[in-house]
Peer 1: 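Starting off with a structure, shown below.
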There are 2 protein chains.
Amino acid sequence: MTAQTMHPDGTAGVVGLVGLGLIGGSLGLDLRARGWDVRGFVRRESTAERARQRGLAGRVSTDPSVLAGCRLVVLALPLDQLLAPDPALLAALPPDAVITDVGSVKAPVLRTWQGIVPRFVASHPMAGTAEAGVEAGVCHLFRGRPWVVTPTPDTDPAALEVVRGLSEAVEARWLLCDPQAHDRAVALISHLPVLVGAALLQAADRGAAAAASGDGPAGDGEVEAEARALVRALASSGFADTTRVGGGNPELGALMARCNREQVLAALASYRRSLDQLEGLLQQERWADLREALAAGQRLRPEFL
Amino acid sequence: MTAQTMHPDGTAGVVGLVGLGLIGGSLGLDLRARGWDVRGFVRRESTAERARQRGLAGRVSTDPSVLAGCRLVVLALPLDQLLAPDPALLAALPPDAVITDVGSVKAPVLRTWQGIVPRFVASHPMAGTAEAGVEAGVCHLFRGRPWVVTPTPDTDPAALEVVRGLSEAVEARWLLCDPQAHDRAVALISHLPVLVGAALLQAADRGAAAAASGDGPAGDGEVEAEARALVRALASSGFADTTRVGGGNPELGALMARCNREQVLAALASYRRSLDQLEGLLQQERWADLREALAAGQRLRPEFL
């Protein structure tokens with residue numbers, strides 16, 4: 001065995017990727033470029049064929065036995081599949097392997113997996129593009145991006161080190177935090193913006209029609225159509241940016257809301273308080289206070305970039 | 001007089017720009033490149049000096065008499081100055097000149113100016129950058145962007161044609177609409193996104209602190225600080241995009257809200273209905289309906305781009 005196929009911690013090992021979409025495929029490309037021995041398990045033969053052509057893994061199969069001998073397995077699956085794991089997959093996971101995932105919500109993933117496999121580490125590599133599927137994987141997706149892990153008192157420290165080696169291999173920034181704190185944070189900065197943007201798209205469309213029909217006889221189709229055309233003609237880059245994630249993948253948005261429901265509802269409540277406050281300033285014509293509230297936002301934003 | 005200094009409609013004429021910030025300065029650069037005779041009136045001598053150095057107008061003065069002889073005057077001023085015009089400026093406007101503005105709200109501008117000057121045309125060239133001031137003007141700012149005009153029954157048709165010539169000279173897209181319809185549309189697609197984004201910034205900051213302090217003793221500063229650091233560490237391009245206009249110029253945001261208060265409040269009410277609906281789907285765990293609502297947003301968004 002050459003140095004190229006050695007695991008960075010010096011032990012011989014192979015890594016298994018369950019799913020070769022955006023995250024799994026990108027991991028495969030980076031790890032193979034580093035000389036890791038990568039095995040991929042996917043559901044469909046057509047996906048396996050394309051994954052082989054793209055070189056996302058050294059071996060790709062629709063049979064989970066391809067994972068035999070893996071020292072580390074990454075569950076690069078959507079949240080719904082993570083939370084209702086395929087029994088055939090469970091049966092095929094090597095009993096001593098470190099298992100990690102890439103789900104964007106951590107508490108429910110831990111509840112599901114900590115009882116099933118002994119060496120589970122919950123991960124959330126925070127990187128992405130608008131693409132999905134076997135064509136989506138790209139090199140260097142994780143470079144400089146946070147690789148969040150949410151260990152619990154039950155997490156095996158040696159398993160944590162194996163996942164740290166994975167994050168370092170793809171040049172991500174290692175970030176440890178509490179699972180609940182993670183889920184709250186992503187509700188605010190990742191899941192809430194989806195709902196905020198989606199509501200803005202709906203309001204722009206419906207608000208234009210409703211206001212226009214208020215001008216004339218109820219249900220004046222022509223006036224409504226004109227108003228809807230006008231908002232579309234006048235919308236510019238500010239509207240486009242504010243609604244980008246709100247107009248994104250609806251499956252993903254609904255799944256994140258479902259798996260992080262409680263935290264997303266808390267984030268919405270917090271958002272509503274902020275919006276109420278701004279609206280109150282408008283209603284009461286407190287223009288200096290409104291300017292100060294907007295200035296506070298202007299000062300805050302660079303801290304998040 | 002050479003062809004270079006002729007007005008495009010064949011009559012000799014000079015254009016006056018009141019204000020040489022982003023909009024006035026950009027107009028000056030484009031119109032001078034087309035050979036127009038451009039005069040600029042600004043308040044401060046330091047601005048006049050810099051405007052001369054940048055060539056934003058052929059003559060720049062802090063004396064409004066520089067506007068004498070102008071056939072067309074563009075009031076490239078902030079909304080507050082448009083709505084409370086300087087008496088010295090009013091006295092200096094040539095009585096027969098066509099006067100137009102560039103304000104982002106049209107009904108109050110019309111209420112102010114239609115009673116003051118006989119040949120007023122309300123304009124809203126919808127172009128911008130994040131910059132402001134005498135350094136902000138750039139060439140081709142208006143190319144392909146909407147130049148909205150909101151004529152009323154009192155608008156002089158010949159004056160409208162003069163403004164159309166201006167919009168064509170800077171290669172903007174001429175767009176006529178009703179002033180109220182304009183103000184409603186910009187409330188939804190331009191002013192509402194500012195409030196939506198500002199509320200999101202506040203919610204991300206306050207929501208993190210509030211949720212964290214709920215975990216431990218009230219006012220646990222360390223836990224709060226950790227939670228606030230975490231949302232900052234995890235925020236990515238989606239959060240940055242959604243908050244871009246919300247974290248923009250607070251003066252401008254507050255001014256637009258003040259000058260378009262009624263329409264912005266109506267837009268907020270429409271937005272709140274959309275948000276309530278999405279929140280209801282989460283509360284009732286209607287995941288298929290949430291997915292469909294997000295899918296509707298995904299279908300809508302390209303219509304606005």
Side-chain angles (χ1 to χ4, degrees), chain A residues 126 146 177 181 184-185 188-189 193 195-208 211 227 230-232 234-236 238-247 250 253-254 257-258 261 265-268 270-271 274-275 278-279 282 287 290-291 294-295 297-298 300-301 303-305, chain B residues 126 146 177 181 184-185 188-189 193 195-208 211 227 230-232 234-236 238-247 250 253-254 257-258 261 265-268 270-271 274-275 278-279 282 287 290-291 294-295 297-298 300-301 303-305:
Chain A
M126 297 195 69
C177 75
R184 262 181 224 138
L188 287 164
I189 54 87
L195 299 175
V196 158
L200 183 57
L201 282 163
Q202 288 187 4
D205 187 48
R206 295 183 193 165
L230 189 61
V231 286
R232 285 157 173 76
L234 301 189
S236 65
F239 187 82
D241 283 356
T242 313
T243 58
R244 184 173 67 79
V245 297
R258 174 151 73 89
R261 176 176 173 272
L265 284 171
L268 268 167
S270 172
Y271 178 69
S274 295
L275 197 67
L278 292 174
E279 187 170 6
L282 253 85
W287 306 120
L290 178 62
R291 195 169 54 240
L294 296 177
Q298 189 185 38
L300 267 177
R301 186 166 176 270
E303 300 177 14
F304 286 83
L305 302 188
Chain B
M126 297 194 70
C177 76
R184 262 182 223 136
L188 287 164
I189 54 89
L195 300 174
V196 158
L200 182 57
L201 281 163
Q202 288 187 3
D205 187 47
R206 295 182 193 167
L230 188 62
V231 286
R232 284 158 173 76
L234 301 189
S236 66
F239 187 82
D241 283 357
T242 313
T243 57
R244 184 173 68 80
V245 298
R258 173 152 73 90
R261 175 175 173 272
L265 285 172
L268 268 167
S270 172
Y271 178 69
S274 295
L275 197 67
L278 292 174
E279 187 170 7
L282 254 85
W287 305 120
L290 178 62
R291 194 169 56 239
L294 296 178
Q298 189 185 36
L300 267 176
R301 187 167 175 270
E303 300 177 15
F304 286 82
L305 302 187

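Per chain, numbering begins at 1; letters A, B, ... match sequence-line order.
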Peer 1: Let me know if A:A227 has heavy atoms under 4.5 Å from chain B in its side chain, its backbone, both or neither.
Peer 2: neither
Peer 1: Where do A:G247 and B:Q298 come nearest, in terms of heavy atoms and distance?
Peer 2: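 Closest pair (atom of A:G247, atom of B:Q298, distance): O-CG, 3.2 Å.
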Peer 1: Select one option (side chain, backbone, both, neither) describing which atoms of A:L305 are under 4.5 Å from chain B's heavy atoms.
Peer 2: side chain
Peer 1: Where do B:S274 and A:A203 come nearest, in terms of heavy atoms and distance?
Peer 2: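 Reported closest heavy-atom pair: OG-N, 3.5 Å.
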Peer 1: Going by ring pair (Phe, Tyr, Trp, His ring centres under 6.0 Å), name the residues that satisfy it together with A:Y271, two or more places apart in sequence or in a different chain.
Peer 2: none
Peer 1: Where does A:A266 contact chain B at under 4.5 Å (heavy atoms): side chain, backbone, both or neither?
Peer 2: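 Nothing of A:A266, per the 4.5 Å heavy-atom cut-off to chain B.
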Peer 1: Suppose we screen for salt bridge (Lys or Arg N to Asp or Glu O under 4.0 Å). Which residues come up paired with B:R258, at least two apart in sequence or across chains?
Peer 2: none
Peer 1: B:L290, B:V245, B:V231: which one forms the most heavy-atom pairs within less than 4.5 Å of chain A?
Peer 2: B:V231
Peer 1: Can you tell me which portion of B:A204 sits under 4.5 Å from chain A's heavy atoms? Options are side chain, backbone, both or neither.
Peer 2: both
Peer 1: Over all heavy atoms of both residues, which pair between B:L201 and A:G297 is shortest? Give the atoms and the distance, please.
Peer 2: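 Taking every non-hydrogen atom into account, CD1-O, 3.4 Å.
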Peer 1: Should B:F304 and A:T243 be marked as a side chain to side chain contact (heavy atoms under 4.5 Å, CB included) after you check the CA-CA gap, both sets of side-chain angles, and the distance that decides it?
Peer 2: CA-CA 10 Å; B:F304 286 82; A:T243 58; over 6 Å; no
Peer 1: Mind ranking B:P146, B:A198, B:A208, B:A240 by heavy-atom pairs under 4.5 Å with chain A and telling me who comes out on top?
Peer 2: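 Winner by heavy-atom pair count: B:A240.
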Peer 1: Specify the closest pair of heavy atoms between A:G253 and B:L294, including all atoms of both residues, with the distance to one decimal.
Peer 2: C-CD1, 3.7 Å
Peer 1: Considering non-hydrogen atoms only, spot the tightest contact between A:G207 and B:L188 and give its length.
Peer 2: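 Looking at all heavy atoms of both residues, the shortest contact is C-CD1, 3.7 Å.
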Peer 1: With a 4.5 angstrom heavy-atom cut-off, could you sort out which part of B:P193 is near chain A: side chain, backbone, both or neither?
Peer 2: both
Peer 1: Among A:G246, A:A295, A:A199, A:A267, single out the residue with the greatest number of heavy-atom pairs under 4.5 Å to chain B.
Peer 2: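 Heavy-atom pair counts peak at A:A199.
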Peer 1: Which residue out of B:D241, B:L278, B:L265 racks up the most heavy-atom pairs below 4.5 Å with chain A?
Peer 2: B:D241
Peer 1: Atom CD1 in B:I189, atom OG in A:S236: separation rounded to 0.5 Å?
Peer 2: 6.0 Å
Peer 1: So for B:L234, is it side chain, backbone, both, or neither that comes closer than 4.5 Å to the heavy atoms of chain A?
Peer 2: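 Looking at B:L234, backbone and side chain both touch chain A.
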Peer 1: For A:R206 and B:S270, indicate whether the former's side chain and the latter's backbone hold a donor-acceptor pair under 3.5 Å.
Peer 2: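 Side chain of A:R206 to backbone of B:S270: no pair is present.
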Peer 1: Taking the side chain as every heavy atom from C-beta outward, state whether A:L282 and B:L195 have any pair of such atoms under 4.5 Å apart.
Peer 2: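 The answer is yes; the side chains approach within 4.5 Å.
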Peer 1: May I ask you to test the B:W287-A:R261 pair for a side-chain heavy-atom distance under 4.5 Å?
Peer 2: yes
Peer 1: Tell me, do B:R244 and A:T242 make a side-chain contact under 4.5 Å, heavy atoms counted?
Peer 2: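 No, every pair of side-chain atoms sits at 4.5 Å or beyond.
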Peer 1: Would a 4.5 Å heavy-atom cut-off, applied to side chains only, mark A:R232 and B:L300 as touching?
Peer 2: yes
Peer 1: Could you measure the distance from the CG atom of A:L275 to the CG atom of B:L200? Nearest 0.5 Å is fine.
Peer 2: 10.5 Å
